Structures are given as structure tokens and as C-alpha cells.
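Take a look at the structure below.
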Amino acid sequence: MGAIALVSVFLVMIFTWLPVPATPLAGIRAVQSVFQSQPVKFQKSWVSIDEMSPVVLKAAIASEDFRFVEHNGFDFQAIKKAIEANRRAERRGRGRLRGGSTISQQTAKNVFLWPGRNYLRKGLEAWLTVWIEVFWSKRRILEVYLNVIEFGDGVYGVEAASRKYFKKSASRLNASEAALLIAVLPNPKRFKVDRPSGYVRFRQTAILRRLSYVEIPTS
């Protein structure tokens with residue numbers, strides 16, 4: 001376990017500067033495609049945070065982690081609210097499970113780990129989140145997050161998503177386009193940027209309303 005811990009910290013340090021070439025999720029999707037006799041799709045273009053439209057940064061924070069610039073990796077208010085909401089949903093026997101993960105936690109999961117909700121993965125996620133917050137700036141965390149997150153079938157990162165769905169670079173996205181991209185993130189395999197459901201449109205509108213209240217990290 002000690003060796004695994006040291007290797008994980010080393011990898012976090014390496015990605016302080018280097019682009020993340022691929023993620024475990026992308027690998028899992030590729031293997032699934034092979035077993036299903038489908039073509040392997042992988043669209044990804046790394047861009048710096050300075051090459052992303054500011055509204056993309058604001059949309060991600062507005063939707064996924066409103067207190068991103070304030071916390072140190074864990075938003076305990078959001079976690080408490082998620083637990084309470086999920087308990088109410090379980091009592092009613094319906095409703096979507098709500099998550100309390102921060103952008104830092106989601107970045108740790110997407111860069112280093114596999115999908116799932118078991119205790120081992122959540123423990124590793126927490127460990128990696130601590131070190132990501134130690135070594136990476138808030139702008140670096142947001143940059144990596146928006147470069148690796150899944151936006152659809154074989155589409156990873158905001159630049160690839162922008163070019164696929166809007167035929168333009170991420171630097172030229174307007175507020176409506178940025179909010180629509182971010183609106184599918186709860187489940188990009190189910191929700192579609194190019195065929196948005198009523199729920200996705202609802203999320204897009206909610207994100208747009210919060211943009212003016214969002215603070216973008218400066219360091």
C-alpha cells in the first residue's frame with residue numbers, strides 16, 4: 001500500500017505540468033466498444049485554460065461546484081445536502097441520486113480512477129483529492145477537469161466537444177453553448193448535447209442564471 005500511495009502522489013505531481021493523455025474511463029469505453037463489435041471512438045484535444053472561453057469556466061463552476069474557489073477539495077455543505085436529498089428520495093422510492101462531489105474530487109476520479117460508488121474507490125478519490133489540492137492550483141484543477149471530462153460517445157474535453165457540436169474552438173463558445181455542454185455532465189451517455197432533452201434544457205437555463213454569481217479562480 002505504501003508503494004501505491006507514493007506512486008499516486010508522484011503521478012499527481014507529474015500532471016501538475018504535463019497534459020493528461022487519456023483516462024481510465026476512456027480505456028474502459030474503448031474496451032466496451034471492442035467487445036460490442038463497435039468502432040472505438042476517441043476525440044480529444046488538450047487546450048490550456050487560457051484558450052477556453054471564460055463562460056465555459058463559469059458554467060462548470062456554476063453547475064458542478066459553486067464553492068470551488070473557497071473549499072480545499074471537499075464541500076461538506078454540499079455533501080450534507082446530498083445525503084439529506086438522497087434519503088428523502090429513498091423514502092419516496094423515486095428520484096435521481098444526488099452527488100456532493102467537488103470538481104477536485106471529480107478530477108481525481110476521472111484522471112486516475114474507474115467509475116463506481118464502492119468504498120475503495122471513494123477512499124482513493126479522497127486521498128488523491130487531498131494531493132491534487134496540495135500540488136495543483138485551482139486554475140490547474142479546472143483546466144485538467146475540462147480537458148478530460150466526457151461529453152458524449154468518445155468525446156473527451158471541452159475543445160473536442162466544442163468542435164464536434166458547435167464547429168468552433170472552445171475559446172469562441174458563447175454562454176448558451178457553454179451551459180448546454182456542461183448541462184449534460186451528470187450523464188453524458190444518456191443526455192445529448194445535439195439532442196437535448198427537456199431536463200438538459202432546464203439545467204442549461206439554471207446554469208445560465210448562475211453565471212453572473214460565479215468567481216473564476218485567478219491562481
Side-chain angles (χ1 to χ4, degrees), residues 7-8 11-12 14-15 17-49 51-53 55-57 59-60 63-64 96-97 99 101 103 105-118 120-122 124-125 128 132 140-174 176-204 207:
V7 169
S8 65
L11 288 173
V12 170
I14 288 295
F15 288 134
W17 304 282
L18 296 180
V20 179
T23 63
L25 177 62
I28 291 169
R29 298 286 194 232
V31 171
Q32 289 173 340
S33 295
V34 170
F35 277 100
Q36 294 169 5
S37 300
Q38 297 176 349
V40 176
K41 299 177 182 178
F42 184 76
Q43 295 175 251
K44 183 176 183 295
S45 298
W46 184 278
V47 293
S48 75
I49 194 169
E51 296 175 88
M52 300 177 191
S53 171
V55 291
V56 177
L57 312 182
S63 174
E64 301 299 302
R96 295 183 178 88
L97 287 179
S101 294
I103 286 176
Q105 290 174 273
Q106 292 181 53
T107 302
K109 177 190 71 175
N110 280 285
V111 173
F112 299 106
L113 302 172
W114 62 95
R117 291 180 178 273
N118 61 68
L120 173 61
R121 196 199 63 77
K122 293 300 289 185
L124 291 171
E125 178 187 294
L128 289 162
I132 282 174
R140 178 59 175 175
I141 294 170
L142 194 56
E143 178 180 66
V144 173
Y145 174 77
L146 285 169
N147 269 293
V148 302
I149 198 74
E150 184 182 32
F151 282 99
D153 189 14
V155 182
Y156 302 92
V158 69
E159 179 69 13
S162 179
R163 292 190 178 278
K164 177 178 176 61
Y165 300 118
F166 302 114
K167 313 304 179 187
K168 63 173 75 173
S169 68
S171 64
R172 296 176 55 222
L173 288 172
N174 62 38
S176 179
E177 292 163 343
L180 181 56
L181 283 179
I182 300 300
V184 306
L185 291 187
N187 191 338
K189 294 291 285 183
R190 176 182 176 186
F191 303 129
K192 308 297 182 184
V193 176
D194 50 353
R195 298 191 303 278
S197 64
Y199 175 70
V200 169
R201 288 298 188 188
F202 170 80
R203 282 182 50 80
Q204 178 191 24
I207 292 167

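Residue numbers count from 1 along this sequence. What you see is a predicted model; the values in this text were computed from it and never measured.
- Counting heavy atoms from C-beta on, the side chains of R121 and N118 come closer than 4.5 Å.
- Between L173 and V55, the shortest heavy-atom contact is O-CG2, 3.6 Å.
- The two residues L25 and P115 have their closest heavy-atom pair at CD1-CG, 3.7 Å.
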Test log, rule side chain to side chain donor-acceptor pair (under 3.5 Å), inputs Q204 and S176: CA-CA 7 Å; Q204 178 191 24; S176 179; 3.1 Å; yes
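- With salt bridges taken as basic N to acidic carboxylate O contacts below 4.0 Å, one links E150 and R29.
- In this structure, the side chains of V12 and L128 come closer than 4.5 Å at one or more pairs of heavy atoms.
- With contacts defined as side-chain heavy-atom distances shorter than 4.5 Å, the pair N174/F166 does not qualify.
- Nearest heavy atoms, A160 versus S45: CB-N, 4.2 Å.
- Under the salt bridge (Lys or Arg N to Asp or Glu O under 4.0 Å) criterion, K164 pairs with no residue, sequence neighbours left out.
- For the residue pair R203/S63, the side-chain donor-acceptor check at 3.5 Å is satisfied.
- Between I182 and L146, some side-chain heavy-atom pair lies under the 4.5 Å cut-off.
- Closest non-hydrogen pair, N147 versus M52, comes out as ND2-CE, 3.4 Å.
- Between F151 and Y156, the distance separating the two ring centers is not shorter than 6.0 angstrom.
- When side chains are defined from C-beta on, P196 does not count as touching F202, because their heavy atoms never get closer than 4.5 Å.
- Two residues are said to be in side-chain contact when any heavy atoms from C-beta on lie closer than 4.5 Å; V155 and F42 fail this criterion.
- Residue-environment remark: NZ (K168) exceeds the threshold of 12 foreign heavy atoms within 6.0 Å.
- Proximity of E125 to F112: side-chain heavy atoms (C-beta onward) are nowhere separated by under 4.5 Å.
- Ion pairing between a basic and an acidic side chain is recognised when a charged N comes within 4.0 Å of a carboxylate O; E159 and K44 show no such pairing.
- Residues S33 and Q36 are not in side-chain contact: their nearest non-hydrogen atoms beyond the backbone lie 4.5 Å or more apart.
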